[in-house]
Amino acid sequence: MKTDELIELLASDAHPVARHTVEQRLAVAAFAGIAGATVLMLVLFGLRSDLAATLAMPMFWGKLAFAGTLAAAGVVVLQRMARPGMPAGRAALWLALPPLVMWGLALATLAQAAPAERVTLVLGSTWRTCPFNIAVLSVPAFVAGFWALKGAAPTRLAWAGAGAGLLAGALGALVYALHCPEMATPFLAVWYLAGMAIPTALGAVLGPRWLRW
């Protein structure tokens, strides 16, 4: 078969892709990730026993806002990474904003605390398990995010994989907050981000393998 005939044959089977296919797949992935993480959280850890009282605490909502804004920024960046040749652009700056705010709050908290209390504020009582618990809860969103990208056309596969991992980690942290007893900003600034970093790094490693065309 000649090259021109092959091109004509391939073109004859071409059909337009729906305009919002990427957004729809990412929305499905996010919903599936949250649902899966919620089921895992209830089975493995359970809700906080004092969750009803915790709802009145501003820091509880701040913890949700921290993970939620990171997840929202991750979706925006991932929408761009899922398309060939499209840079992350200014959307990537939104990823830096929630950590910077949390680090600023953490430093202010540590500066006002007595020296003997600072280590406790950073370590809390669950620092040994928190990052790994978040990573476990990120698994459903991690798988769903890679499924969404497989139906798109990313060209920077490591970055796309890292973006899917970050989104998964943020959604895992969002759900984990319903169980986690920690409320101190220094703890969140270190260990929540460490938990999100695990699927992010794993996504960067697996992206070139799993997302290859």
Side-chain angles (χ1 to χ4, degrees), residues 10-11 13-38 62-104 131 134-177 188-189 192-213:
L10 293 174
D13 192 41
H15 53 85
V17 177
R19 182 176 181 182
H20 299 294
T21 297
V22 171
E23 288 79 2
Q24 291 170 356
R25 291 180 71 89
L26 289 176
V28 170
F31 178 81
I34 292 175
T38 301
K63 184 163 57 171
L64 293 181
F66 172 53
T69 52
L70 257 178
V75 169
V76 173
V77 171
L78 207 55
Q79 287 176 359
R80 300 179 67 86
M81 300 299 296
R83 293 180 168 89
M86 181 175 287
R90 293 183 179 179
L93 297 177
W94 290 104
L95 287 175
L97 186 59
L100 288 175
V101 171
M102 185 58 71
W103 288 334
I134 289 174
V136 168
L137 296 187
S138 74
V139 170
F142 190 90
V143 175
F146 269 77
W147 165 83
L149 289 174
K150 286 290 286 185
T155 52
R156 289 168 293 175
L157 304 185
W159 284 105
L166 176 60
L167 174 59
L171 293 177
L174 181 66
V175 173
Y176 183 66
L188 304 177
Y192 265 50
L193 285 175
M196 297 180 206
I198 294 173
T200 302
L202 185 62
V205 172
L206 295 179
R209 301 179 185 181
W210 288 6
L211 299 177
R212 188 178 302 157
W213 294 11

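Numbers here are sequence positions counted from 1.
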Donor-acceptor pairs under 3.5 angstrom involving side-chain atoms of residues 195-206: please list them, not counting sequence neighbours.
{"from": "Thr200", "atom 1": "OG1", "to": "Leu166", "atom 2": "N", "distance (Å)": "3.4"}
{"from": "Thr200", "atom 1": "OG1", "to": "Met196", "atom 2": "O", "distance (Å)": "2.8"}

Subject >> Minimum heavy-atom distance between Leu78 and Ala164, given as atom pair plus value >> reply: CD1-N, 3.6 Å
Subject >> Close side-chain approach of Val136 to Tyr176, heavy-atom, < 4.5 Å >> reply: no
Original post:
Which atoms form the tightest heavy-atom contact between Leu70 and Pro99, and what is the distance?
Top reply: CD2-CD, 4.3 Å
Original post:
Does a side-chain heavy-atom distance below 4.5 Å link Arg25 with Thr21?
Top reply: yes
**OP:** Please round to the nearest 0.5 Å and tell me the distance separating atom NZ of Lys63 and atom CG of Leu174.
**Re:** 10.5 Å
Original post:
How about Val77 and Trp159: do any of their side-chain heavy atoms sit closer than 4.5 Å?
Top reply: no
Original post:
So, for Leu171 and Ala141, which heavy atoms are closest and what is the spacing to 0.1 Å?
Top reply: CD1-CB, 4.0 Å
Original post:
Any side-chain heavy atom of Tyr192 sitting closer than 4.5 Å to one from Met102?
Top reply: no
**OP:** Identify, with sequence neighbours excluded, every residue that meets side-chain contact (heavy atoms from CB on, under 4.5 Å) alongside Ala152.
**Re:** Val22, Ala82, Pro154
Original post:
What are the two closest non-hydrogen atoms of Ala37 and Pro140, and how far apart are they?
Top reply: N-CG, 3.8 Å
Original post:
So which heavy atom on Ala160 is nearest to which on Leu211, and how close?
Top reply: CB-CD1, 4.0 Å
Original post:
Of all residues at least two apart in sequence or in a different chain, which pass the ring pair (Phe, Tyr, Trp, His ring centres under 6.0 Å) check with Trp210?
Top reply: Phe146
Original post:
When rounded to the nearest 0.5 angstrom, what distance separates CZ in Arg156 from CZ in Arg83?
Top reply: 12.5 Å
**OP:** Check whether any side-chain N or O of Arg80 sits under 3.5 Å from a backbone N or O of Val76 as a donor-acceptor pair, and report yes or no.
**Re:** no
Subject >> Leu137 versus Gly172, closest heavy-atom pair with distance >> reply: CD1-O, 3.9 Å
